[in-house]
Chemist: 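Please read through the structure below; I'll follow up with questions.
Model, not experiment: these values are computed from the prediction.
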Amino acid sequence: MSSLAQILYDLGHDIVGYDDDIKQKFTEKYLLERNIKIYYDQSFPLESDRIVVYSTAFKDTHKEIIRAKKEKTKIVKYNEMLGELTKTFSTIAVCGCHGKTTTTALLSHVFDNIIGANYLIGDGTGYANKDNKYLMIEACEYHRHFLNYYPKTTIITNIELDHIDYFKDLNDVKNAYIEFANQTDKQIIACGDDENIKSIRDSINKKVYYYGLNEDNDFKATNIVSSTDGYTFDVYFKNKLIGDFKINLYGKHMLLNTLATIAAAYLEGLDMDAVTHHLTTYRGAKRRFSEAIIKDIVIIDDYAHHPTEMKAVIESARQKYPNKDIIGVFQPHTFSRTKALYKEIAEILNTVDKSYILDIYPSRENASDWPGITHDLIVNLLNNGEHISIDMISKFLHHKNCVIIFMSPNDLHEMIEKLVILLNK
């Protein structure tokens, strides 16, 4: 929503915002930089030509939605408004259960620095210039929202079962991706190393280019060398060398996200020398392996909440900091996801040296609907883990020469800021 507001502002519209009394510091600043007023404790103005755009976080019973309907104001959902924008520009949509934000951010960075691009990224950043040809968007599968979008090109990073409160099973997820792929106008760029993507290839009726590390991909990375500085590797397209690359990023998932970006840039005819250069200048998406270093302690803030994402950020930390202990701080997100994945979550957390589990963040769910689903499901399976509350920051002061990874889609900035203050003391 923050990203969309920024784009609409940049395109010349008058924007105001409303949220319940929850200030998200990592997105709020981008709105305030554009002088977009945000209403927290009072109703926003409803001029006659105002369009109200809302996210599914707001139910139809919310007082501001009811007020807008009573005033007969035009009301559209977030995904519907974004869908209109995808028809206006040459849109590249990035979908997948994991890696959407990072891939969209990397893609936007490369295209914008070379030829100019508009972008909507899930880390709360957005930008637009009406003269730009391209629009890069993060396309989420939840509630099949991405079926409102009509991109020229779609990137599929992976397919897994997630959003268990909506999707019936993995086949339901696959069918959503098939439908989205088939309404893409021009081409699909998909990870050929992903078994679930490969299982739907016969159901996609568009041209598909596959990328990955396996030999049978159209775009493949070879001669891969990993180090504490990141990766170097060569990329071939159908046995033709298109460049040798270096990235200051970590983990196999980042190598694959970079390959997707290289494939899109190559197919759109961008200069590969320029692509090579701008890949090295990318500094990461917000709240994706975001680092702060205080003395011998590294603090990482990451959006990870699914076992696959948790594994990726932990492996990245091990690659970059091989001589430090890894401490995991995890806040489970939603009761439905915890019930379905607590065993896999505990298995991943058992790969770190010590783990701390916060209470489940309910998001759109009510605890009364999920009896017996608590943080203890995870804690009871941990070899070296315990439950903590959000104010027990002093626990972390016992650790030395370590990496502390905060993993949650919920914003834990207050907890992290308090820890930074304590460590600096």
Chemist: Without swapping roles, check the side chain of T102 against the backbone of G99 for a donor-acceptor pair under 3.5 Å.
Modeler: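 Between the backbone of G99 and the side chain of T102 there is no qualifying donor-acceptor contact (under 3.5 Å).
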Chemist: Between R318 and Y250, is any side-chain donor less than 3.5 angstrom from a side-chain acceptor?
Modeler: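 Distance-only check fails for R318 and Y250.
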Chemist: Given S108, which of V110, T104, D112 fulfils the side chain to side chain contact (heavy atoms under 4.5 Å, CB included) condition?
Modeler: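 So, applying the side chain to side chain contact (heavy atoms under 4.5 Å, CB included) to S108 and each of V110, T104, D112, only T104 qualifies.
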Chemist: Is the distance between the ring centroids of Y18 and H62 less than 6.0 Å?
Modeler: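 Yes; H62 has its ring centre under 6.0 Å from that of Y18.
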Chemist: For K311 and E344, run salt bridge (Lys or Arg N to Asp or Glu O under 4.0 Å): C-alpha distance rounded to whole Å, both residues' side-chain angles, the deciding distance at 0.1 Å, then the answer.
Modeler: CA-CA 10 Å; K311 180 181 179 182; E344 292 88 343; over 6 Å; no
Chemist: Answer yes if the ring centres of H98 and H306 are under 6.0 angstrom apart, and no otherwise.
Modeler: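 Yes, the ring of H98 comes within the 6.0 Å limit of the ring of H306, centre to centre.
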Chemist: Look at the aromatic rings of H145 and H143 and report parallel, tilted or perpendicular, splitting at 30° and 60°.
Modeler: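 Taking H143 first and then H145, their aromatic rings lie parallel (interplane angle under 30°).
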Chemist: Any non-hydrogen side-chain atom of V16 less than 4.5 Å from a side-chain atom of I36?
Modeler: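 Side-chain contact under 4.5 Å: no.
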Chemist: Kindly state whether the ring of Y231 and the ring of F245 have centres lying under 6.0 angstrom apart.
Modeler: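 Ring centroids of Y231 and F245 are no less than 6.0 Å from each other.
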Chemist: Flag the pair D10 and R34 as a salt bridge only when some basic side-chain nitrogen lies within less than 4.0 angstrom of an acidic carboxylate oxygen.
Modeler: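 Counted as a salt bridge, because a side-chain N and a carboxylate O are separated by less than 4.0 Å.
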Chemist: Answer yes if the ring centres of Y119 and F111 are under 6.0 angstrom apart, and no otherwise.
Modeler: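 When the ring centroids of Y119 and F111 are compared, they turn out to be at least 6.0 Å apart.
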Chemist: So, applying side chain to side chain contact (heavy atoms under 4.5 Å, CB included) with Y134, which one of T153, N118, I115 is it?
Modeler: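 Considering T153, N118, I115, a side chain to side chain contact (heavy atoms under 4.5 Å, CB included) with Y134 is found only for I115.
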Chemist: In terms of the angle between their ring planes, are Y266 and F237 parallel, tilted or perpendicular, with boundaries placed at 30° and 60°?
Modeler: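 Y266 vs F237 ring planes: tilted.
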Chemist: Could you walk me through whether N158 and D194 pass side-chain hydrogen bond (donor to acceptor under 3.5 Å, both in side chains), step by step?
Modeler: CA-CA 6 Å; N158 44 60; D194 186 275; 5.4 Å; no
Chemist: Under 3.5 Å, is there a donor-acceptor pair linking the side chains of H109 and T261?
Modeler: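 Absent: no donor and acceptor within the cut-off.
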Chemist: Any donor and acceptor pair, going by atom type alone, linking the side chain of K174 with main-chain N or O of N196 inside 3.5 Å?
Modeler: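 Pair absent, no side-chain N/O of K174 close to backbone of N196.
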Chemist: Is there a side-chain contact between E315 and T351, using heavy atoms and a 4.5 Å cut-off?
Modeler: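 Contact flag for E315/T351 side chains = no.
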Chemist: Do V208 and R201 touch side chain to side chain, with heavy atoms closer than 4.5 Å?
Modeler: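 SC-SC contact between V208 and R201 ruled out.
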Chemist: When you check the gap from the basic side-chain N to the acidic O, do D60 and K77 get nearer than 4.0 Å?
Modeler: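 No, D60 and K77 are not salt-bridged.
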Chemist: Determine the sole option in N148, I7, V76 for which the side chain to side chain contact (heavy atoms under 4.5 Å, CB included) test with M81 is passed.
Modeler: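 Only one of N148, I7, V76 forms a side chain to side chain contact (heavy atoms under 4.5 Å, CB included) with M81, namely V76.
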Chemist: For the residue pair N384 and D353, establish whether any side-chain heavy-atom pair is separated by less than 4.5 Å.
Modeler: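 No, side chains not in contact.
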Chemist: So D14 and R50, salt bridge (Lys or Arg N to Asp or Glu O under 4.0 Å) or not? Walk me through it.
Modeler: CA-CA 9 Å; D14 175 41; R50 180 78 74 196; 3.4 Å; yes
Chemist: Are side-chain heavy atoms of I155 and I92 found at a separation under 4.5 Å?
Modeler: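 Yes. Closest side-chain heavy atoms under 4.5 Å.
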Chemist: Side-chain contact test, heavy atoms from C-beta onward, threshold under 4.5 Å: evaluate it for L249 versus Y282 and give yes or no.
Modeler: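 Result yes, sub-4.5 Å side-chain heavy-atom pair found.
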Chemist: Does a salt bridge link E365 with R337, judged by any charged N lying under 4.0 Å from a carboxylate O?
Modeler: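 So E365 does not pair with R337 through a salt bridge.
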